[in-house]
Amino acid sequence: MSEMWVNMGPQHPMTHGLWNLRVLLDGELIRDVDPEVGYLHRGIEKISEDRHYNEVITLMDRCCYVAGLTWEHLYIIASEDALHLEPPERALYLRVMCDEFQRIASHLMWYAAFVQDIGLMTPFLYGMRDRDLILDLFQSFTGARMTYEYLRVGGVRNDLPPGFTDHTRKVLDWLTARFVDYDKLCLGSDIFHKRCDNLGVLKAADCVAHGVTGPMLRSAGLRRDLRKDRPYAVYNQLDFEVALADSADVTGRYVVRMEEMRQAVRILRQVVDWLDHHPGPVMAEQVPRWLGAPYAPVGKEGYLLKRNYPKGVGFSSVEEPHGEAQAYVVNEGGEHPYRVKFRSPVFANISAARQYLVGYRIADIPPIMGSVDVCVGEVDR
Amino acid sequence: MTAPTAQLARPKESAPPSGSLELGTELPMVGEAAVPFLEIETLRAKEFIPAAKEALGSLIAEQGHAKVIRPVFNWAGRNSLFPLHWGLACCAIEFAAAFGARWDAERFGVVPRSSPRQCDVMIVNGTVTWKVAHKLITLYEQMPEPKWVIAMGNCATGGGPFRTAYSVVPGVDKLVPVDVYIAGCPPRPEAMLDGILELEKLIRERKE
Amino acid sequence: MQPDDLTGVLAPKLGVRLKGVEPFPGTAGRVRFEREAALDLFRAVRDDLGFRHLSMVGGIDWVDHREVFYVLWSDDAKQYLVLSTDVPADDPRVETASSVWPSANWHEREAWELVGIVFDHHPDLRHLLTPDGYEFRPLLRSFKLHEPEELEVKARHV
Ligand code: SF4
């Protein structure tokens, strides 16, 4: 009996969060794995049943903390469906802008963490520094660095501050130049290729069977991107390409994420130009006060009275930085959602760990899991 | 570790043939004013350490052991706080940002370590659930004395937005003793550094 | 793909066990079926209609009964499809989908531990998010959120 189970986690530098990868080892060879999650299970779905529609947005930011705005967007689309509301167009553009900035920020965070996993220290500093530039932009219109509460049922909370778009263009120029350096550091290095090529291979058919989505799926050559296939918000009016690779390995995932950041910059340039020329309201008009203001002013408590919205179910699906996220919101005509169910892309990506880890060596786990880009907040919810 | 670096320093002297540098090879400094590395080392070994030992010895003889050793110990401890490197939840991202280029927490001697055996402060940067509670206690017990705990963010302080959830510990002080609480959801990196400086004040006043 | 097309393909296979296909916002439709037909429906949907990607499985507690829903995606039609079935609250059983779509495995474990739906023939039905031995079903409507002090006793696993 030379096999043994080893726990990698919940506190381990590889995990980037709280989860436990149980590995069955034969010497250095991985025979089997059993990921164990739930260390960050905060009961978001249950608390949401107890919260006002707009108060759930607070939880969404914390649900996936590297892509808070995208998760807000996900929940907002579903609850607008369930409540039969229609946001104005400018709000849609602002939401797309938030999504794409969030995608770059999330991928930069991934870059910082992943490249550090394979032994380079400088990219961590580069990635965090450039991510801070985007967080500064977020801060200028939402007031927060990470937990924004910016999107609202029926629109967004406020418009952009003056001079925002000019500053944004400067940041985009800077990022475009930096991406070249990033690639030089990684793709230009033989060591990187020797480490990452043909590692953690997961072919497209397996991806589909095991529910894997996002950059992992696109690195296997399958062109599935909800922004193209099933456009939400205003993605059908924007011009961009789907990032693809065909190697299905760690390098492929790196290539896809880098290309996605470039495409996000391309989308952002179009969105920012549009925003410059189309001022307008950012909140739908038919939204009742109680949805816009969860706490009514003194003497006007009537606003908080229970309205009878038609019952309905909202279903939404967005291309989150990690993959395909879904929300299923059931509205029974109250102020609180009756049931909220979320689908986390990383949840499915981790559940397939056996498919892309077995057969490799134990020292390959950090690069492979790094390339999966785990965000435990959304796995456990 | 190659020959050319040594050549840079002193071209007139012959460089070591190849392979590793010999002990005492000078640092490749540009200009003449550099103090030779060897001299600093010699100075430290031959003069500074005995001098410090002697001064400490006489101080101890004068004032007693406890009065002298404790401040020196506290001084060393508070300037090299090694936090446990782990990420519980959202606050961990700000924890990581504090080690990035903009805030650079390492200038305070704060270097995250992955093994609890090498740590002296546990920064609880996120929501603690009942499922991870006993693992957190184990990690705390594995840290060598003296040790401190910083509760970073509202979740670690009192459950935060998830206080009513069925799976969340309403405050990490239910599990381990907490020295410093940092408010915020999440606290900005500045706030985290401020919490560390607060902890340094606590350590400065530590008596036993 | 429209609800009528779906009925055309599925009705001959399932007969009366197909309770109908209704329109559902943002998807090709919602297929309501009797739970006895689960496995037949899953195979038909995957092989005949081409929904090879299972996105999620979830449960809803409607107090008098529970609902299990499945969300699927087809790369050819570029559409979602929702399947849904009702199970009685005192016998919440349904056949597992993990033999048809391996990705159902974890989603079903989650639905089992949070909503209490038992998936027959599931390869590995054990706790995923909550600690082993946790005996409550938090997403049932009868499970109320308390102030934390009361809850501590309840939350600590046995
Ligand atoms: S305090 Fe706020 S940001 Fe920090 S872990 Fe809790 S919810 Fe997340």
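For the numbers below, each heavy atom of this structure counts, side chains included, while hydrogens, waters and symmetry mates do not. Source: prediction; values computed, not measured. The sequence lines fix the lettering, A, B, ..., with proteins before strands; numbering per chain opens at 1.
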Is the distance between the ring centroids of F162(B) and H41(A) under 6.0 Å? no
Does R102(B) pair with D136(A) as a salt bridge, N-O distance under 4.0 Å? yes
What heavy-atom pair brings S167(B) and G43(A) nearest, and what distance separates the two atoms? OG-N, 4.0 Å
What's the shortest heavy-atom distance between T164(B) and I47(A), and which atoms? OG1-CG2, 4.4 Å
Leading residue by heavy atom contact count with chain B [cutoff under 4.5 Å; candidates R129(A), M128(A), K46(A), R145(A)]: R145(A)
At a 4.5 Å cut-off on heavy atoms, which part of A92(B) comes close to chain A: side chain, backbone, both, or neither? neither
Where on A133(B) is there a heavy atom nearer than 4.5 Å to chain A: the side chain, the backbone, both, or neither? neither
For atom OH of Y150(A), is the number of surrounding heavy atoms from other residues, nucleotides or ligands below 6.0 Å larger than 12? yes
Closest heavy-atom contact between T129(B) and G38(A)? OG1-O, 4.5 Å
Judged by atom type as modelled, is there a donor-acceptor pair below 3.5 Å linking the side chain of T147(A) to the main-chain atoms of C185(B)? yes
Tell me, out of Q139(A), R131(A), M109(A), who's got the most heavy-atom pairs with chain B below 4.5 Å. Q139(A)
Which one of G100(B), P161(B), G87(B), A89(B) has the most heavy-atom pairs closer than 4.5 Å to chain A? A89(B)
Considering only heavy atoms and a distance below 4.5 Å, find which of I93(B), V128(B), L136(B), D104(B) pairs most often with chain A. I93(B)
K135(B) side chain to Q11(A) backbone, donor-acceptor under 3.5 Å: no
When heavy-atom pairs shorter than 4.5 Å are enumerated against chain A, which of G160(B), A101(B), S114(B) gives the highest number? S114(B)
Work out which heavy atom in F99(B) is nearest to a heavy atom in F124(A); give both atom names and the distance. O-CE2, 3.7 Å
Does I191(A), at its CD1 atom, have more than 12 non-hydrogen atoms belonging to other residues, nucleotides or ligands within less than 6.0 Å? no
Go through the atoms of L139(B) and report whether side chain, backbone, both or neither lie under 4.5 Å from a heavy atom of chain A. side chain
